[in-house]
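Counting starts at 1 for both ligands and their atoms, following the listed order.
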Amino acid sequence: MTRKKLQVRILDDRIGSEIPFPEYATEGSAGLDLRACLKEPLTLAPGDTHLIPTGLSVHIADPALAAMILPRSGLGHKHGIVLGNLVGLIDSDYQGELMVSCWNRGQTEFTIEIGERLAQMVLVPVVQADFEVVSEFNASDRGEGGFGSTGSH
Ligand SMILES: O=c1ccn([C@H]2C[C@H](O)[C@@H](COP(=O)(O)OP(=O)(O)OP(=O)(O)O)O2)c(=O)[nH]1
Ligand SMILES: [Mg+2]
């Protein structure tokens with residue numbers, strides 16, 4: 001197993017005690033759960049979106065990496081708590097606090113407790129593009145077909 005060293009700053013002194021430090025839940029987990037670093041519980045009414053601090057910042061530093069913030073399936077499916085931006089992308093040069101945009105897309109209010117696991121962060125490889133402007137592409141099997149062009153089933 002290869003792990004990447006990732007610099008992290010702890011911005012709230014409750015992290016590591018009252019609010020656990022993020023860790024992989026199992027050996028095979030892809031994501032690190034990010035927790036709500038709130039001063040008090042926060043109730044999201046149906047339709048509400050709130051930007052919630054995590055109490056942590058990371059500096060990925062390597063442009064060949066990024067982090068994605070993804071919803072947790074249980075919160076999203078059972079309680080309608082997903083991300084206001086659908087997916088969060090953390091740039092390798094971002095040094096600010098990791099924030100989670102929480103959107104209650106459900107029909108009932110939901111209370112986010114202090115330290116609740118809200119979302120998960122996944123480190124992903126990135127390839128930056130170097131655009132080469134051309135007038136034509138070499139022909140491919142698909143060509144310009146998309147959006148269902150290969151049939152309805
Ligand atoms: O869920 C998220 C999404 C983004 N960010 C931080 C890290 C990211 O590197 C930065 C900018 O995000 P993005 O590029 O998606 O937002 P933008 O609206 O394009 O803002 P900017 O103009 O700052 O790039 O905000 C978070 O903390 N949480
Ligand atoms: Mg941006």
Side-chain angles (χ1 to χ4, degrees), residues 1-134 137 142 144 146-148:
M1 177 179 42
T2 53
R3 289 210 181 194
K4 178 83 185 172
K5 282 230 182 310
L6 186 60
Q7 288 196 343
V8 57
R9 289 181 63 216
I10 294 175
L11 308 176
D12 188 298
D13 55 18
R14 294 170 299 161
I15 303 272
S17 52
E18 188 185 341
I19 301 176
F21 192 78
E23 57 180 15
Y24 291 101
T26 63
E27 201 184 326
S29 293
L32 290 155
D33 286 335
L34 298 177
R35 294 176 181 266
C37 194
L38 290 167
K39 301 280 181 228
E40 54 197 36
L42 175 73
T43 298
L44 287 181
D48 274 5
T49 305
H50 212 282
L51 199 56
I52 299 178
T54 61
L56 296 166
S57 55
V58 294
H59 184 207
I60 299 170
D62 180 353
L65 293 173
M68 307 235 298
I69 298 183
L70 303 173
R72 293 185 65 217
S73 58
L75 271 186
H77 181 71
K78 291 186 206 144
H79 302 290
I81 301 298
V82 294
L83 304 178
N85 47 354
L86 304 186
V87 172
L89 181 62
I90 310 302
D91 297 287
S92 68
D93 53 357
Y94 181 68
Q95 298 182 322
E97 185 164 10
L98 291 173
M99 304 294 288
V100 178
S101 172
C102 270
W103 171 32
N104 182 356
R105 60 151 188 82
Q107 312 289 316
T108 52
E109 66 176 32
F110 183 84
T111 298
I112 298 170
E113 303 295 341
I114 297 169
E116 180 150 3
R117 292 178 296 155
L118 293 178
Q120 50 192 333
M121 187 182 89
V122 182
L123 210 55
V124 292
V126 169
V127 178
Q128 286 183 338
D130 203 2
F131 282 123
E132 179 193 2
V133 177
V134 297
F137 297 126
R142 174 180 288 276
E144 295 183 8
F147 301 92

Strictly inside 4.0 angstrom of atom 5 (N) of ligand 1, do you find any protein heavy atom? yes
Please indicate, with yes or no, if any protein heavy atom is found under 4.0 Å from atom 19 (O) of ligand 1? no
For atom 1 (O) of ligand 1, state whether the nearest protein heavy atom is under 4.0 Å away. yes
To the nearest 0.5 Å, what is the distance between OG (S101) and NE2 (H50)? 10.0 Å
Euclidean distance, I112 CD1 relative to H79 NE2, rounded to 0.5 Å: 11.5 Å
Per-atom contacts of ligand 1 with E97, taking only distances under 4.0 Å to non-hydrogen atoms: 27 (O)
Under 4.0 angstrom from atom 27 (O) of ligand 1, is there any protein heavy atom? yes
If the test is side chain to side chain contact (heavy atoms under 4.5 Å, CB included), which one of L118, L70, T54 qualifies with L34? T54
Does P71 offer a backbone N or O that forms a donor-acceptor pair with the side chain of Q120 under 3.5 Å? yes
So K39 and D12, do their side chains get closer than 4.5 Å, heavy atoms only? yes
Any N or O of G88 closer than 3.5 Å to N or O of ligand 1: no
About how many Å separate CG of L86 and CH2 of W103, when rounded to the nearest 0.5 Å? 6.5 Å
Euclidean distance, M121 CE relative to I90 CD1, rounded to 0.5 Å: 7.5 Å
dist I19:CD1 -> L38:CG (nearest 0.5 Å) comes out at 7.5 Å
L89 and ligand 1 - part of the residue with a heavy-atom distance under 4.0 Å: backbone
Counting heavy atoms only, which of D91, L34, I90 is nearest atom 11 (C) of ligand 1? D91
Under 4.0 Å from atom 9 (O) of ligand 1, can you find at least one protein heavy atom? yes
For atom 25 (O) of ligand 1, find the nearest protein heavy atom and state the residue, atom name and distance (0.1 Å precision). Y94 CE1, 4.0 Å
Taking non-hydrogen atoms only, is N85 closer than 4.0 angstrom to ligand 1 via side chain, backbone, both or neither? side chain
